[in-house]
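None of the values given here were measured: they were computed from a predicted structure. We're numbering straight along the sequence, starting at 1.
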Amino acid sequence: MVLQAVLLDIDGTLVLSNDAHAQTWVDTFRKFGYDVSFEQVRSLIGMGGDQIIPRVVPGLTDEEGDGKAIAQQRRKLFLNEYAPKLVPANGARQLVQHMLQSGLRLIVASSASSQEMEVLLKAAQVDDLLEETTTSSDAEVSKPAPDIVEAALGKLNCPPQEVLMLGDTPYDIKSANQAGVGVIALRCGGFDDTALAGAKAIYNDPADLLAQYADSPLGQIAKV
């Protein structure tokens, strides 16, 4: 099998945004009278808001009432207050460039909204390199459901065995594996190796993967 394409998560993978996302949830829940700890939310980052809200406050949904208002306010807070301060993961742009130069097709597979995606790609300094994206609007249910990965595969028109995903959370791994796609995980999203079990390989960050590219699943599969 020859590797044809790589699906890319953005948050925590190419841009160091996971802590910021967690804090915006804490701030917004508090504004609506719900006392939620940072640790409680941080472990859920990587899921979409449709998954996070009912897990944090059972009975709420992002489709109506407080849950919907919280989802909307959180997005505004993230975009206005936190997004301008985000920085890329170490080596993010260089890794993306190398994969493109290797002839791989790249597509973003993220639970972020379209508006967030634009901001995140710029923060990761890869907005000029990545044209194909899959966002929350392309999926009925966000990660860890497989919908977003399956939508990305549909856009690529590639069989899952010819694709790998680059992600940083256990939800990326579960989502991709359910769709038949193997995952290379990065620790820079803040999850430990136990949480990332199920990945084909684990690296510190994009720079670490790039330094070991030839011996990584990316390099090995490309040679087959």
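Of the inter-residue distances, the one linking K85 atom NZ with S17 atom OG reads 14.5 Å to the nearest 0.5 angstrom. Note: S110 OG to I10 CD1 = 6.5 Å, rounded to the nearest 0.5 Å. For the atom pair CD (E132) and CG (L7), the distance works out to 10.5 Å, reported to the nearest 0.5 Å. Within the model, atoms OG of S111 and OH of Y171 stand 11.5 Å from one another, a figure rounded to the nearest 0.5 Å. Taken from CG in D127 to CE in M117, the straight-line distance is 12.0 Å, to the nearest 0.5 Å. Atom OH of residue Y213 and atom CG of residue D208 lie 14.5 Å apart, to the nearest 0.5 angstrom.
Under a hydrophobic clustering in which Ile, Leu, Val, Met, Phe, Trp and Tyr are joined whenever their side-chain heavy atoms come within less than 4.5 Å, directly or via other members, L14 and V6 fall into the same cluster. Grouping the Ile, Leu, Val, Met, Phe, Trp and Tyr side chains by contacts below 4.5 angstrom, directly or via other members, places V126 with V108. L156 is not connected to I148 by any chain of hydrophobic side-chain contacts under 4.5 Å among Ile, Leu, Val, Met, Phe, Trp and Tyr, and they are in different clusters. Linking Ile, Leu, Val, Met, Phe, Trp and Tyr residues whenever their side-chain heavy atoms come within less than 4.5 Å leaves L16 and L79 in two separate clusters. With hydrophobic clusters built from ILVMFWY side chains whose heavy atoms lie under 4.5 angstrom apart, L210 shares a cluster with L100.
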Check residues 48-57 and write down every donor-acceptor pair under 3.5 Å in which the side-chain atom is one partner and the other belongs to a residue at least two apart or another chain.
residue	atom	partner	partner atom	Å
D50	OD1	S142	OG	2.5
D50	OD2	S142	N	3.2
Q51	OE1	R55	NH1	2.7
Q51	NE2	S142	O	3.1
R55	NH1	Q51	O	3.2

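Two residues are said to be in side-chain contact when any heavy atoms from C-beta on lie closer than 4.5 Å; P88 and R93 fail this criterion. Contact of the Y82 side chain with the D27 side chain is registered, since non-hydrogen atoms from C-beta on lie closer than 4.5 Å. Contact of the L104 side chain with the L3 side chain is registered, since non-hydrogen atoms from C-beta on lie closer than 4.5 Å. With a 4.5 Å cut-off on side-chain heavy atoms, Y34 and I70 count as touching. Between M165 and D9 there is a side-chain heavy-atom pair separated by less than 4.5 Å. Put simply, the side chain of R105 does not reach to within 4.5 Å of the side chain of Q4, judged on heavy atoms. Between T61 and K68, the closest side-chain pair of non-hydrogen atoms is not below 4.5 Å. Counting heavy atoms from C-beta outward, W25 and I45 have side chains that approach closer than 4.5 Å.
Checking side-chain atoms of Q178 against main-chain N and O of P144 turns up a donor-acceptor pair under 3.5 Å. The backbone N or O of T135 sits less than 3.5 Å from a side-chain atom of D138, completing a donor-acceptor pair. Listed for the K143 side chain is a donor-acceptor partner under 3.5 Å among the backbone atoms of A109. With hydrogens and angles disregarded, a donor-acceptor distance shorter than 3.5 Å links the side chain of S175 to the backbone of A145.
The shortest non-hydrogen separation linking I107 to A152 is CD1-O, 4.0 Å. When all heavy atoms are compared, the tightest approach of T133 to K155 is O-NZ, 2.7 Å. Nearest approach of A123 to L86, heavy atoms of both residues: CB-CB, 4.0 Å. Here the closest non-hydrogen pair linking L166 and L95 is CD2-CD2, 3.7 Å. Considering every non-hydrogen atom in both R42 and G189, the closest pair reads NH2-O, 2.5 Å. Considering every non-hydrogen atom in both L44 and Q40, the closest pair reads CG-O, 3.7 Å.
With a 6.0 Å radius and a threshold of 12 heavy atoms from other residues, nucleotides or ligands, Q212 has its CD atom above the threshold. Within 6.0 Å of CG on D128 lie more than 12 heavy atoms contributed by other residues, nucleotides or ligands. Surrounding CD of E81 are at most 12 heavy atoms belonging to other residues, nucleotides or ligands under 6.0 Å away. Within a 6.0 Å sphere centred on CD of E118, heavy atoms belonging to other residues, nucleotides or ligands number 12 at most. Counting non-hydrogen atoms of neighbouring residues, nucleotides and ligands closer than 6.0 angstrom, the CG atom of N80 exceeds 12 such neighbours.
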Item to check | Derivation of the side-chain contact (heavy atoms from CB on, under 4.5 Å) call for V119 and K122 | outcome: CA-CA 5 Å; V119 172; K122 287 182 180 178; 6.0 Å; no

Next on the checklist: The test is side-chain contact (heavy atoms from CB on, under 4.5 Å); show your working for L218 and M99 and say whether it passes.
Outcome noted: CA-CA 9 Å; L218 291 174; M99 289 190 289; 4.0 Å; yes

Checklist entry - Run the salt bridge (Lys or Arg N to Asp or Glu O under 4.0 Å) check on R187 and D205 step by step: do they pass? => result CA-CA 6 Å; R187 299 182 183 100; D205 52 28; over 6 Å; no

Checklist entry - What's the verdict on side-chain contact (heavy atoms from CB on, under 4.5 Å) for R75 and E116, showing C-alpha distance, side-chain angles and the deciding distance? => result CA-CA 8 Å; R75 186 175 296 117; E116 287 173 311; 4.1 Å; yes

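A cation-pi arrangement, defined by a distance under 6.0 Å to the six-membered ring centre and an angle within 45 degrees of its axis, is absent between R74 and F32.
With T13 as the fixed residue, the side chain to side chain donor-acceptor pair (under 3.5 Å) test singles out one of D168, T169, N18: D168.
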